[in-house]
There are 2 protein chains.
Amino acid sequence: MSDSDSPPHADYSETERAIFDAALEVFARKGKDGARMQAIADAAGINKAMLHYYFRSKDQLYDEVFGFTMRRFMASFGASLQEAPTFEETLRAFIEGYVDFIRDNEHTMRLMVNENLAGGSVLGDHLRRLKESGAAPPRILAEQIEQAVDQGEIRPVDPDHTVLSVISACLFFFVARPTVEMMHPASDDWASFVEARKEHLFDLMYRGLSPREG
Amino acid sequence: MSDSDSPPHADYSETERAIFDAALEVFARKGKDGARMQAIADAAGINKAMLHYYFRSKDQLYDEVFGFTMRRFMASFGASLQEAPTFEETLRAFIEGYVDFIRDNEHTMRLMVNENLAGGSVLGDHLRRLKESGAAPPRILAEQIEQAVDQGEIRPVDPDHTVLSVISACLFFFVARPTVEMMHPASDDWASFVEARKEHLFDLMYRGLSPREG
DNA sequence: GTCTATATCTCGATAGAC
DNA sequence: GTCTATCGAGATATAGAC
């Protein structure tokens, strides 16, 4: 249900796992520099000395947590996309799957956003390492869009801009969740707000890509 | 051109203004807890003692910077919207104006996002105070959408969800700018990428709202 | 592996000379 | 108003008993 599912390291012990989850949560909310080792220890239900025993330093803890989280985040992208007979179904399934992933992994998303706000230097390091090891970033949705354009199911659009727009729409309302909940009290039931949003987003996006004349 | 334009306080001295701008930049990237007073002093070209002389404490500095920045951010919303004969023109002008504002005020946007990631408690305080003083949050774009629906220019949509979608699309690619620039090297010229994005966004959104049959 | 105690350093904040 | 020097709290990290 939450960020702690599908362990990043199969060989993590229970304690390491508790530390990892706690660190993800605190780093996600406060950023690397704003996070306190004491807060992580408290959230993990252990004491500070254990953090250093298992992960040596704050830098190393952040690096490890960020690396795993980034890979999980990128993998979710591919996992949300299942090819279907029509692009309409493909897009609907992607929005459904991707929004579900973010809903169940808000801390993962927050950590990614926080790293971007801070400038993305750690992100850059990891991305470079990933590329060197041959793991290309997934352009799988963009390819589906190109196909759909070729087959005339949607109008000619720039695939990369379109992917970015879909991602933005699926993600941002989670980023701004506190604001959304304050401005839009009707969303006091967040779960049903998220479901309504999926519908709205699919309609807006699919119609926006439709080839019908304008 | 940048976040430092249109002074938040007409009665700020030059030094106060330099501190304000420096604090905005550092808080925006690192968050309240991650920011260092020394880093703010360096960016402002003064020493730490001056920070406390003018703003007493870090808490108070953050509170003041956040308050002004939030009001500017909310005001930009109304300022980007100019009523036009058709909703098509209104939407085009809004996207143009709002994206321009974010492009020229990236730190402002980052501070808002950072506060949301951290939970939004300071944001909540300020919003509550604003409401008590009678300044309602601007629902001005939502009203334009309602009108356009009534007049049949666009299909029946939920105005609040639609506003949220437009905002997301205009904002998020700035939030994720480091990732976008790494993943999409074609955007090495950020300025022209932003311009292309405005076009793409207007097309996608306006067509997505079109009443034509599906 | 786990905890307490502590070393070491950094940060926010102030005192006081100019 | 501006700077240097410094205090004291709080942070990361380690030592060492169990």
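When reading the values below, keep in mind they use all heavy atoms of this one structure, side chains included, and skip hydrogens, waters and symmetry mates. We name chains A, B, ... by the order of the sequence lines, and we start the count at 1 in each one.
Rounded to a whole Å, the NE2 atom of His52(B) is 12 Å from the P atom of dA15(C). Asp42(B) places its CG atom 13 Å from the C1' atom of dC11(C), with the value rounded to the nearest Å. Here dG10(D) presents its C1' atom at 15 Å from CG of Asp59(B), a figure rounded to the nearest Å. dA15(D) atom C1' lies 14 Å from atom NZ of Lys48(A), rounded to whole Å. Distance, Met50(A) CE to dT12(D) P: 17 Å, rounded to whole Å. Put simply, CZ on Arg36(A) is 10 Å from C1' on dT10(C), counting in whole angstrom units. Atom pair Lys32(A):NZ and dA11(D):C1' shows a separation of 15 Å (rounding to whole Å applied). Rounded to whole Å, the distance from CG on Leu51(A) to P on dT4(C) is 14 Å.
Close to dA13(C), at under 4.0 Å from its OP1 or OP2, lies no side-chain N or O of Tyr53(B). Dashed line: the shortest gap from a side-chain N or O of Asn47(B) to OP1 or OP2 of dT2(D) is not under 4.0 Å.
Considering all non-hydrogen atoms of both residues, Leu171(A) and Tyr98(A) come closest at CD1-OH, 4.1 Å.
Counting any heavy atom pair closer than 4.0 Å across all strands shown, Phe55(A) reaches no nucleic acid atom. Counting any heavy atom pair closer than 4.0 Å across all strands shown, Ala35(B) reaches sugar-phosphate atoms only and no base atom.
Side-chain contact of Ser165(A) with His200(B): a donor-acceptor pair under 3.5 Å is present, judged by distance alone.
The aromatic rings of His161(B) and Phe193(A) lie parallel to each other, with less than 30° between the two planes, well short of the 60° mark.
With distances taken from any side-chain atom of Ala49(B) to the nucleotides dA13(D), dT2(D), dC3(D), the minimum falls on dC3(D).
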Pair Glu181(A)-Arg177(A), salt bridge (Lys or Arg N to Asp or Glu O under 4.0 Å): steps then yes or no: CA-CA 6 Å; Glu181(A) 291 185 312; Arg177(A) 179 170 176 177; 3.3 Å; yes
